Number of protein chains: 2
Amino acid sequence: MDRPPPRPTLHDVAARAGVSIATVSRVLNGSSPTRPETEARVRAAIRGLGFRPNRTGRELRVGQSHTVGVLLPSLSNPIFADSVSGIQDAARAEGWSVLIASSRYDAGREHEAVEGLLSHRVGGLILTVAEADASPTLDALDAEGLRYVLLYNQPTRPDRAFVSIDNVAAGRDAARALVAQGHRRLGMVAGRFDASDRSRLRHAGFAAALAEAGLPPGQVLEIGFDDSAATDALRAALARPDRPTGLFCSTDLLALRSIAVLRDLGLRVPCDVSVIGLDGIAVGALTAPSLASIAQPAHEMGRRAFHHLLRCVGADAPAEHILLPHRLRPGSSLGAAPPSQE
Amino acid sequence: MDRPPPRPTLHDVAARAGVSIATVSRVLNGSSPTRPETEARVRAAIRGLGFRPNRTGRELRVGQSHTVGVLLPSLSNPIFADSVSGIQDAARAEGWSVLIASSRYDAGREHEAVEGLLSHRVGGLILTVAEADASPTLDALDAEGLRYVLLYNQPTRPDRAFVSIDNVAAGRDAARALVAQGHRRLGMVAGRFDASDRSRLRHAGFAAALAEAGLPPGQVLEIGFDDSAATDALRAALARPDRPTGLFCSTDLLALRSIAVLRDLGLRVPCDVSVIGLDGIAVGALTAPSLASIAQPAHEMGRRAFHHLLRCVGADAPAEHILLPHRLRPGSSLGAAPPSQE
DNA sequence: TTGTACGCGTTATCAT
DNA sequence: ATGATAACGCGTACAA
């Protein structure tokens, strides 16, 4: 087997162009003026050799790479995958690369994964953590003065930059949509509060809307994300005769699972139970019934997170709190409340 | 604003432990034996300083990073996102990192993205390209002797390593499943052949199964992936009275879209038209009707691709062709053919 | 067993 | 406007 021929370096380009490596570097980065003629010779040499600058050398020199580290709970949920697309698009446009890791909603893995990303001396991080207000991982980043932007998280402390929707308002709007359809017995299926501050905030909004409407607090079912035992819990809760007629699920994936369980129980959506989700993932629009949802602009959120990060890396920009608008995506899973049987 | 304090280096550790940087390096990599006592002192210093080796320095030295570059058409399709999870799991276990890029099914972007990944001197690549048998991008990789493993692609040339299912067999099995239900007017919705060799192979299997069953060649609708005009084409094709009663879609996402279109046209699945997809994405099991599908072991495929890559990087292992088994995932979208009306 | 010293490819400083 | 050269953090011959 033949060994891979080494890629050309600055030296090769310099030799071929008859200049020094410093000049080649200057042409590449435009760091100081060069004579048009020499620049042309250098560019010709670059093209001729198929030279591509070695980022590793550059990174070692400047102490930081044009790479963003991304940590998300999972890629299986399209809401996260879509935001990665947004990050990629923005990064590509700026010549940055994307290093990715997943935590599986596990705080231990969070820390480990961030350490892995940091060992690459990434220029910054974009992360979604379990708990943005009390996170040892984020504390460590703060202590080292490393730049990061939270995505989807919505901490209350003002020193942490984030890009999110207003989760409380989103939860409130979801509940209001159900109330507007005449539902008075509302329930919520929520991702585990200790694994998701979003879930907690969405519930707060949900509860507030109920109070505002003069309704009793709804049933809340806290549920694991990847757990199949969760389906049993769902089934048990929805089989009860006092089940809600209007159900808010803190994510679309939970909403689709809930609808499947309801169907399995012989209940019709939305005739017997109305369901509204939160995320606005694309498949939700393809199902029957189509899934009503509070939609997040996932792709745009990824883009914004990256741009905000760039701003932080360049100058020490203050930690911005970016709240993007959510919107109600209508769907046939949301219908009028059945006539009261109380 | 305070600047981030520099991370400790080998020198700092060495100074603290009262040894040379060479010794520290040896302790870190176990590259040559060290006295237990000095090793203990070094480890204490490492812990005391919170030292993490700088991968950039290491990479520059050894000329290659423990990072795998991943290029996929998109992350929006769970079939790709799931394989990334598999890659991540395998990579993490080996202390490797994952650099990711998307091509959006665009050959131009493919090349650009690979160049970006290569500028990091990644240890190897895992990619899904449009056309694995005739790809300038892959030709370039071959010419430079860079290690890569194709994922989902199934080239016919023997020199390119890949991890895939047997796409022809999968297409055949999908068609057979429809035939077994008594369908005699079959059709296929296929991703654009020029953007996906998989799609072409699956069609070949589909066509073979039809011939084998003594049926006329089915209608084939070639369709773009992210195109909304594609929905119009779908609608037009399915509105015709001579539409198939059994429909095979080359991906689950296309299948879900097709079912939505059929529903929109007032047709029932599976009563009027049966649908079977290919991929086996999780949401397909949640919809109504549930989606029958030829399932790929996406997570496992990602894992295997990484492990095969590692083997290639270590020694010059021969290009393996790994075909993983697909399986029929039953679903209510697949039913008996309606009584013949001919 | 441990230390010294060089070089990986790049940027940036200082001369010229 | 350009060239020589010193780092950046690490791995590893080579010496001791």
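Lettering follows sequence order; numbering is per chain, from 1. Computed from a prediction, not measured in an experiment: that's the story for all the values here.
Residue B:Thr56 places none of its side-chain N or O atoms closer than 4.0 Å to OP1 or OP2 of D:dG9. Contact check, B:Ser32 against C:dT2: no side-chain N or O comes under 4.0 Å of OP1 or OP2. Within the structure, a side-chain polar atom (N or O) of B:Ser25 is placed less than 4.0 Å from OP1 or OP2 of D:dG11. Between B:Arg58 and the phosphate of D:dG11, there is a side-chain N or O to OP1/OP2 separation shorter than 4.0 Å. Within the structure, a side-chain polar atom (N or O) of A:Asn29 is placed less than 4.0 Å from OP1 or OP2 of C:dT11. Between D:dG9 and B:Thr9, no contact under 4.0 Å exists linking OP1 or OP2 to a side-chain N or O. An OP1 or OP2 oxygen of D:dT2 is reached within less than 4.0 angstrom by a side-chain nitrogen or oxygen of A:Arg35.
Within the nucleic acid shown, B:Thr38 comes within 4.0 Å of sugar-phosphate atoms alone, with no base atom in reach, counting heavy atoms only. In this structure, A:His11 reaches the bases: a heavy-atom distance under 4.0 Å links it to at least one base atom across the strands shown. Base engagement by B:Arg26 is indicated by at least one non-hydrogen atom pair under 4.0 Å involving a base atom.
Looking at A:His308, its side chain never comes within 3.5 Å of a backbone N or O of A:Arg304 through a donor-acceptor pair.
Applying salt bridge (charged side-chain N to carboxylate O under 4.0 Å, His left out) to A:Arg52 and the options B:Glu144, B:Glu115, B:Glu112 leaves one that passes, B:Glu115.
No side-chain N or O of B:Arg121 forms a donor-acceptor pair with one of B:Ser65 less than 3.5 Å apart. For B:His120 and B:Thr67, the side-chain atoms include no donor-acceptor pair closer than 3.5 Å.
Each of A:Leu10 and B:Pro33 was assigned the nucleotide of DNA chain C with the nearest heavy atom; the assignment lying further toward the 5' end belongs to B:Pro33.
Distance A:Asn54 CG to C:dC8 P: 12 Å, rounded to the nearest Å.
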